[in-house]
Asks: 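Okay, handing you the structure first.
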Amino acid sequence: MQRFFIQKSTILFLSLIVVAGCGKKNQDQSYQQQAPELPVATVKQGDASVSREYAASVEGISNVEIRPQVTGYLSRIFVDEGDFVRAGQVLFKIEDQVFREQLKSAQAALITAQANLSTAKIDLERKKELFRNKMVSEIQVKEAEAAYNAARGAVSQSASSIESAKINLNFSTIKAPVSGFIGRFNYRLGSLMTPGNQEPITLLSDIHQVYTYFSLGENDFNNFQKQYTGSSIDEVIKNTPAVSLLLSGGEKYDEKGRIDAVEGQFNKTTGSITLRAKFNNPKNILRSGNTGKVVL
């Protein structure tokens, strides 16, 4: 009985060894079949560029304050806020009745002055003729000459008054000095316009090109000057490659820009210096006041 138990145990042990060996063999075969093939790349040495981003503000190439040059009430507005206008287009009208009357008065004064000049000329010629006949003294001739010169001066002054009145009359019609977009109005119909008004009537932004202003710290600016060749900052700017602009939402602006100016000195408060890059803006995507990031 004991011998039977020993034989049975031996058979069971050998069976477990055989089963374990087969399981291990199956696992090895499965591992060999499932082993992944990894890609291999060759590391090569080369050049690479590192970009840095700098916060930037955008301004139109021209931001013109539209201000009155004469005093009067704003009588007409020909455009609306946000409109695109072209150079020479009429924007506003100041009541011009006063200037028309001034022009008429100056024209009448000129007629009077010209009549006085004719009289003085006749008197001078008569005095000269009498002096040749020794009927008047030389002093009387000089007095006639002085009166004639004064009459000539009055004519010139009246003619100048006419030109001044014409200028004031023309200034009552306010036209766009450049093409661009109209900003917000600070005054409405009936407002009293004077050259001394604290605020302009509006702003006119020419944005067919825009300036972007961004700042570099002292270390970044020193590296910027060392990176590009040039014996002067103008030559460094000339050799600087084009820069990119990221809009406020993170998307890249289509047009490339060029750095074209560097501020003359560092800001003592911030320890930075301001650079300016110019971008074309054919689709009027950028407006004055936009923000973004310049990528160097």
Side-chain angles (χ1 to χ4, degrees), residues 56-116 150 152-213 248 261 263 274 276 278 281 283-291:
S57 60
V58 178
E59 292 184 12
I61 196 169
S62 292
N63 288 324
V64 182
E65 291 185 346
I66 305 300
R67 290 182 176 274
Q69 298 189 55
V70 293
T71 299
Y73 291 100
L74 186 60
S75 61
R76 294 191 68 183
I77 298 176
F78 296 94
V79 294
D80 199 1
E81 297 173 333
D83 284 352
F84 177 80
V85 298
R86 299 196 176 277
Q89 183 175 336
V90 177
L91 306 179
F92 305 99
K93 181 69 175 179
I94 294 176
E95 177 58 46
D96 62 358
Q97 186 60 38
V98 173
F99 308 118
R100 292 185 182 278
E101 293 302 322
Q102 289 176 351
L103 178 58
K104 290 179 181 179
S105 178
Q107 290 171 338
L110 177 60
I111 294 173
T112 301
Q114 289 173 336
N116 292 335
R152 289 179 58 192
V155 170
S156 297
Q157 186 175 12
S158 297
S160 177
S161 296
I162 289 177
E163 293 303 316
S164 178
K166 287 181 178 179
I167 290 173
N168 288 337
L169 182 60
N170 290 334
F171 280 160
S172 67
T173 301
I174 301 175
K175 299 179 181 180
V178 297
S179 298
F181 287 89
I182 293 290
R184 183 177 178 180
F185 296 159
N186 294 314
Y187 302 93
R188 301 295 172 178
L189 287 177
S191 298
L192 179 61
M193 300 287 97
T194 69
N197 282 352
Q198 185 174 1
E199 294 181 317
I201 302 175
T202 187
L203 288 175
L204 179 58
S205 296
D206 179 4
I207 59 172
H208 79 280
Q209 289 182 317
V210 296
Y211 290 134
T212 58
Y213 294 90
S248 58
E263 191 177 8
T274 301
R276 186 183 74 187
K278 183 190 291 185
N281 190 28
K283 299 179 181 179
N284 295 324
I285 293 175
L286 301 176
R287 300 290 183 98
S288 292
N290 275 146
T291 58

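Computed from a prediction, not measured in an experiment: that's the story for all the values here.
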Asks: Can you name the nearest heavy-atom pair linking Ala165 to Leu103, along with the distance?
Replies: CB-CA, 3.5 Å
Asks: Atom CZ of residue position Arg188 - does it have more than 12 heavy atoms of other residues, nucleotides or ligands inside 6.0 Å?
Replies: yes
Asks: Nearest 0.5 Å please: distance from the CG atom of Asn281 over to the CG atom of Leu286.
Replies: 4.5 Å
Asks: Check for a donor-acceptor pair, side chain of Ser288 on one end and backbone N or O of Gly60 on the other, with a separation under 3.5 Å.
Replies: yes
Asks: Give a yes or no on whether the backbone of Val58 and the side-chain of Asn290 come within a donor-acceptor separation of less than 3.5 Å.
Replies: no
Asks: If I take atom CD from residue Gln209 and atom OG from residue Ser62, how far apart are they, to the nearest 0.5 angstrom?
Replies: 10.0 Å
Asks: Does any part of the side chain of Val90, heavy atoms only, come nearer than 4.5 Å to the side chain of Arg76, both counted from C-beta?
Replies: no
Asks: Do Ser179 and Phe84 come close enough that some side-chain heavy atom pair is under 4.5 Å?
Replies: yes
Asks: Report yes or no: does Ser158 contribute a side-chain atom to a donor-acceptor pair with the main-chain N or O of Ala154 at less than 3.5 Å?
Replies: yes
Asks: For a 4.5 angstrom cut-off between non-hydrogen side-chain atoms, does Ile201 reach Pro68?
Replies: yes
Asks: Report yes if some heavy atom in the side chain of Val64 is under 4.5 Å from a heavy atom in the side chain of Asp206; otherwise report no.
Replies: no
Asks: Out of Tyr73, Phe185, Phe171, which one pairs with Phe92 under the ring pair (Phe, Tyr, Trp, His ring centres under 6.0 Å) rule?
Replies: Phe185
Asks: Say you draw a straight line from CG of Leu204 to NZ of Lys175; how long is it, rounded to the nearest 0.5 Å?
Replies: 15.0 Å
Asks: Got Leu110 and Val155 here, is their nearest side-chain heavy-atom distance under 4.5 Å?
Replies: yes
Asks: Under the salt bridge (charged side-chain N to carboxylate O under 4.0 Å, His left out) test, which residues partner Arg67, sequence neighbours left out?
Replies: Glu65
Asks: Taking Asn168 for its side chain and Ser172 for its backbone only, find out whether a donor-acceptor pair lies under 3.5 Å.
Replies: no
Asks: Is there side-chain contact between Lys93 and Thr173, with at least one heavy-atom pair below 4.5 Å?
Replies: yes
Asks: Using 0.5 Å steps for rounding, measure from the CD atom of Gln102 to the CD atom of Gln97.
Replies: 11.0 Å
Asks: With a 4.5 Å limit on heavy-atom distance, are the side chains of Ile162 and Lys166 in contact?
Replies: yes
Asks: Would you compute the distance between atom OG of Ser205 and atom CD1 of Ile182 and round it to the nearest 0.5 angstrom?
Replies: 9.0 Å
Asks: Find out whether Leu192 and Thr71 are in side-chain contact, i.e. whether some heavy atom of one side chain is under 4.5 Å from a heavy atom of the other.
Replies: yes
Asks: What distance do Asp96 atom CG and Glu101 atom CD have between them, rounded to the nearest 0.5 Å?
Replies: 10.0 Å
Asks: Arg287: what forms a salt bridge (charged side-chain N to carboxylate O under 4.0 Å, His left out) with it, not counting sequence neighbours?
Replies: none
Asks: Could you point out which residue of Ile77, Ile66, Ile174, Asn186 forms a side chain to side chain contact (heavy atoms under 4.5 Å, CB included) with Thr202?
Replies: Ile66
Asks: Please check if the number of heavy atoms outside Gln157 that lie under 6.0 Å from its CD is greater than 12.
Replies: no
